[in-house]
Amino acid sequence: MLQAVPPVRGKRGRPRRRPDTVLGDRGYDHDKYRRLAWALGVKPVIARRGVPHGSGLGTDRWVVERTFAHPHWFRRLRIRWEVRDDIHEAFLSLACSLICWRRLKSFR
């Protein structure tokens, strides 16, 4: 998945191909995944198994989990009724548009 990250534009110079760090939960706590990330030049920040909670990693990961949960506000996307991928993707795009519109409207 890290190899599939497209170039990120923004700063001057050569576009970045990979992130600086990768956050992971306890399910990815294995030396194999850490070695793969280091081989690509990415620092893995993965919670260790058997260590008490409270490392602070969850505060950053919570933003990602919340973002994945937003489309579940729409019942049609929570349970996938559509068999065709293109129709499901259309509903997903519509849901993302509504989420962004509501978010921008609340800032006004």
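Note that these values count all heavy atoms, side chains included, but never hydrogens, waters or copies made by symmetry. Computed from a predicted model, the values in this text were never measured in an experiment.
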Using every non-hydrogen atom in the two residues, find where His70 and Ile99 come nearest and quote the distance to one decimal.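 Heavy atoms of His70 and Ile99 come nearest at CB-CD1, 3.5 Å.
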
If you compare all heavy atoms of Val42 against all heavy atoms of Val22, which two are closest, and at what distance to 0.1 Å?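 Heavy atoms of Val42 and Val22 come nearest at CG1-CG2, 3.3 Å.
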
What distance do Leu40 atom CG and Arg35 atom CZ have between them, rounded to the nearest 0.5 Å?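 Between atom CG of Leu40 and atom CZ of Arg35 there are 13.5 Å.
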
For residues Arg34 and Ile46, determine if any side-chain heavy atom of one lies less than 4.5 Å from a side-chain heavy atom of the other.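 Of all side-chain heavy-atom pairs linking Ile46 with Arg34, at least one is under 4.5 Å.
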
Would you check if His88 and Val83 make a side-chain contact, meaning some heavy-atom pair closer than 4.5 Å?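 Not in contact.
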
Given the rule that I, L, V, M, F, W and Y join up when any side-chain heavy atoms are under 4.5 Å apart, are Leu92 and Leu98 in one cluster?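 Yes: a chain of side-chain contacts under 4.5 Å links Leu92 to Leu98.
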
May I ask whether Phe91 and Trp73 are part of the same hydrophobic cluster, defined by side-chain heavy atoms of I, L, V, M, F, W, Y residues being less than 4.5 angstrom apart, directly or through others?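 Yes.
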
With sequence neighbours left out, what residues match Arg12 under side-chain contact (heavy atoms from CB on, under 4.5 Å)?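 side-chain contact (heavy atoms from CB on, under 4.5 Å) list for Arg12, sorted by chain: empty.
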
More than 12 heavy atoms of other groups within 6.0 Å of Arg49 CZ: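 Yes, the 6.0 Å shell around CZ holds more than 12 heavy atoms from other groups.
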
A quick test of your reading: do over 12 heavy atoms of other residues, nucleotides or ligands sit less than 6.0 Å from OH of Tyr33?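 Not buried by this count: 12 neighbours or fewer within 6.0 Å.
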
